[in-house]
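Note that the structure is a prediction, hence the values are computed from the model and not measured. So that the names make sense, note that chain A is the first sequence line, chain B the second, and so on, each numbered from 1.
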Number of protein chains: 2
Amino acid sequence: MSDASFDRSRCSVAGTLAVVGEKWSLLVLRETFLGVRRFADLQRALGIPKAVLTDRLATLVQEGVLRREPYQDEGERQRHEYRLTGKGRDLYPTLVALMEWGDRHLADGPPPLALEHRDCGARVRVALVCDDGHEVAGPHEVAARAAGAGVERRA
Amino acid sequence: MSDASFDRSRCSVAGTLAVVGEKWSLLVLRETFLGVRRFADLQRALGIPKAVLTDRLATLVQEGVLRREPYQDEGERQRHEYRLTGKGRDLYPTLVALMEWGDRHLADGPPPLALEHRDCGARVRVALVCDDGHEVAGPHEVAARAAGAGVERRA
DNA sequence: CGGACGAGGTTCGGCAAGTGAACCCAGCAT
DNA sequence: ATGCTGGGTTCACTTGCCGAACCTCGTCCG
């Protein structure tokens with residue numbers, strides 16, 4: 001019985017990927033989370049073709065994930081930089097989840113980037129939790145319920 | 001100073017995206033998490049071109065995210081289905097993170113799919129936590145440290 | 001037996017997207 | 001005036017995505 005019937009056309013995974021699922025988009029965001037904000041720095045850091053970077057930045061701005069802000073270094077003309085919006089900052093767990101998977105399954109050595117809690121210095125990771133405070137070990141502990149129907153299945 | 005220097009060439013985000021970052025790959029995995037395992041069912045559910053699905057399944061199998069297993073319905077010849085490996089199952093938090101972001105920022109109505117903890121029925125979500133048990137609110141509470149160096153920056 | 005059927009593909013021609021290199025433009029410095 | 005730099009645009013080329021058509025292997029039906 002593999003008919004997992006819910007309305008795929010409005011699936012949130014698909015919707016999110018429509019916004020950040022193009023090639024390079026998530027890597028651009030990774031850099032912005034690391035504090036890189038300027039066109040040339042992004043281009044250097046990523047090795048992305050300029051035309052593609054122009055396009056990705058434009059769509060991310062249009063989607064409200066980044067915002068384009070003027071700045072001015074002394075003795076320089078005014079330029080623009082790209083900063084995360086709140087909507088963009090909410091993608092942080094997604095990036096961390098991708099990073100963790102890579103650390104665990106593609107590693108040839110220690111993780112190239114370690115995340116620490118600023119307050120206590122302990123390692124930061126993503127977890128699945130439920131609203132009762134339990135930590136969820138994996139998909140087998142989760143039931144997916146389609147909106148509007150009593151359909152329930154293992155996820 | 002936006003030089004955020006760590007070795008991008010081995011960044012785990014990039015590595016992960018090299019495995020599952022092609023168009024459709026994560027949507028195929030979403031379906032497999034929902035229990036869809038067969039070629040024709042995947043094709044129907046996603047509306048993906050057959051040629052692309054063939055290719056995505058092959059690379060996901062090759063990467064060890066899915067495994068191709070024979071099965072046989074009675075009165076049918078032997079066929080193959082695609083199942084998550086442990087490596088694939090570890091992508092669950094990533095999918096959930098993508099889904100949550102879409103639920104929060106693209107919603108025109110209630111989330112199309114709700115996740116519940118099988119034991120207690122409470123809603124399941126992704127969280128950032130540190131090994132000391134604190135919940136991390138966002139990127140501003142996290143410091144990223146490049147491996148091998150004392151480099152530290154806001155993430 | 002011959003023929004139809006369905007799952008799971010492969011092949012093909014056309015269109016969209018990604019790529020590197022070259023070029024452009026504004027403003028500051030000389 | 002000449003050059004330099006950040007932030008792009010344009011161009012020719014290649015790669016990737018797409019739908020439709022075709023193929024293949026076993027099963028069923030007559």
Side-chain angles (χ1 to χ4, degrees), chain A residues 1-4 8-9 14 17-32 35-63 66-83, chain B residues 1-4 8-9 13-14 17-29 31-32 35-63 66-83:
Chain A
M1 182 171 347
S2 27
D3 74 25
R8 258 98 176 165
S9 70
L17 289 173
V19 175
V20 297
E22 284 172 303
K23 208 171 177 183
W24 295 106
S25 295
L26 285 166
L27 293 175
V28 168
L29 291 173
R30 175 196 70 185
E31 292 303 318
T32 65
V36 181
R37 301 198 226 282
R38 300 182 183 182
F39 191 95
D41 293 333
L42 287 166
Q43 209 223 319
R44 244 192 313 279
L46 294 168
I48 177 179
K50 288 170 145 203
V52 178
L53 180 55
T54 302
D55 183 79
R56 286 315 104 93
L57 288 171
T59 73
L60 290 172
V61 167
Q62 189 175 336
E63 295 289 348
L66 296 180
R67 94 189 101 96
R68 191 164 187 267
E69 290 213 332
Y71 74 93
Q72 187 150 23
D73 288 352
E74 71 265 53
E76 289 290 314
R77 75 175 144 153
Q78 171 174 307
R79 300 176 188 285
H80 296 273
E81 59 185 11
Y82 299 88
R83 297 167 149 270
Chain B
M1 182 180 345
S2 27
D3 76 26
R8 260 96 177 165
S9 71
V13 176
L17 289 173
V19 174
V20 297
E22 283 172 303
K23 209 172 175 181
W24 296 109
S25 294
L26 284 166
L27 294 174
V28 167
L29 291 173
E31 293 302 320
T32 65
V36 181
R37 300 200 226 283
R38 299 183 185 182
F39 190 95
D41 293 333
L42 287 167
Q43 209 223 317
R44 246 192 311 280
L46 294 169
I48 177 179
K50 288 170 144 203
V52 178
L53 180 55
T54 302
D55 183 78
R56 288 313 105 95
L57 288 171
T59 73
L60 290 172
V61 167
Q62 189 176 337
E63 296 289 348
L66 297 179
R67 92 190 100 97
R68 192 164 185 266
E69 288 214 333
Y71 74 94
Q72 188 147 23
D73 289 351
E74 71 265 55
E76 288 291 314
R77 78 175 142 153
Q78 171 174 307
R79 298 177 190 286
H80 297 273
E81 59 184 12
Y82 299 87
R83 299 167 149 269

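For residues 49-58 of chain A, no pair satisfies side chain to side chain donor-acceptor pair (under 3.5 Å), with sequence neighbours left out.
The two residues B:Val28 and B:Leu42 have their closest heavy-atom pair at O-CD2, 4.2 Å. Listed here is the closest heavy atom pair of B:Ala14 and A:Arg30: CB-NH1, 4.2 Å. Scanning both residues, A:Ile48 and A:Gln43, for their nearest heavy atoms gives O-CG, 3.3 Å.
For the side chain to side chain contact (heavy atoms under 4.5 Å, CB included) test, no residue two or more places apart in sequence or in another chain qualifies with A:Gln62. Under the rule for a salt bridge (Lys or Arg N to Asp or Glu O under 4.0 Å), the partners of A:Arg83 that lie at least two apart in sequence or sit in another chain are A:Glu69, A:Glu81.
Place A:Gln72 and A:Ala51 on DNA chain C by their nearest nucleotides, and A:Ala51 ends up nearer the 5' end.
Contact footprint of chain B on DNA chain C: nucleotides with an atom under 4.0 Å from a non-hydrogen protein atom, first to last in 5' to 3' order, C:dG6 to C:dT11.
Rounded to whole angstrom, the span from the CG atom of B:Leu53 across to the C1' atom of D:dC18 amounts to 14 Å. Remark: C1' of D:dG16 and CG of B:Asp55 are 9 Å apart, rounded to the nearest angstrom.
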Per-pair distances, 0.1 Å, donor-acceptor, side chain in residues 18-25 of chain B, under 3.5 Å, sequence neighbours excluded:
none

Could you pull out the protein-nucleic contacts involving nucleotides 4-7 of chain D (nitrogen or oxygen on both sides, under 3.5 Å)?
{"residue": "D:dG6", "atom": "O4'", "partner": "A:Arg79", "partner atom": "NH1", "Å": "3.0"}
{"residue": "D:dG6", "atom": "O4'", "partner": "A:Arg79", "partner atom": "NH2", "Å": "3.4"}
{"residue": "D:dG6", "atom": "N2", "partner": "A:Arg77", "partner atom": "NH2", "Å": "3.0"}
{"residue": "D:dG6", "atom": "N3", "partner": "A:Arg77", "partner atom": "NH2", "Å": "3.3"}
{"residue": "D:dG7", "atom": "OP1", "partner": "A:Tyr71", "partner atom": "OH", "Å": "3.2"}
{"residue": "D:dG7", "atom": "OP1", "partner": "A:His80", "partner atom": "O", "Å": "3.4"}
{"residue": "D:dG7", "atom": "OP2", "partner": "A:Ala40", "partner atom": "N", "Å": "3.3"}

Next on the checklist: Go through it in stages, so that I can follow the logic: the residues are B:Tyr82 and B:Arg37, the test is side chain to side chain donor-acceptor pair (under 3.5 Å), and I'd like the CA-CA distance, side-chain angles, deciding distance and then a yes or no.
Outcome noted: CA-CA 5 Å; B:Tyr82 299 87; B:Arg37 300 200 226 283; over 6 Å; no
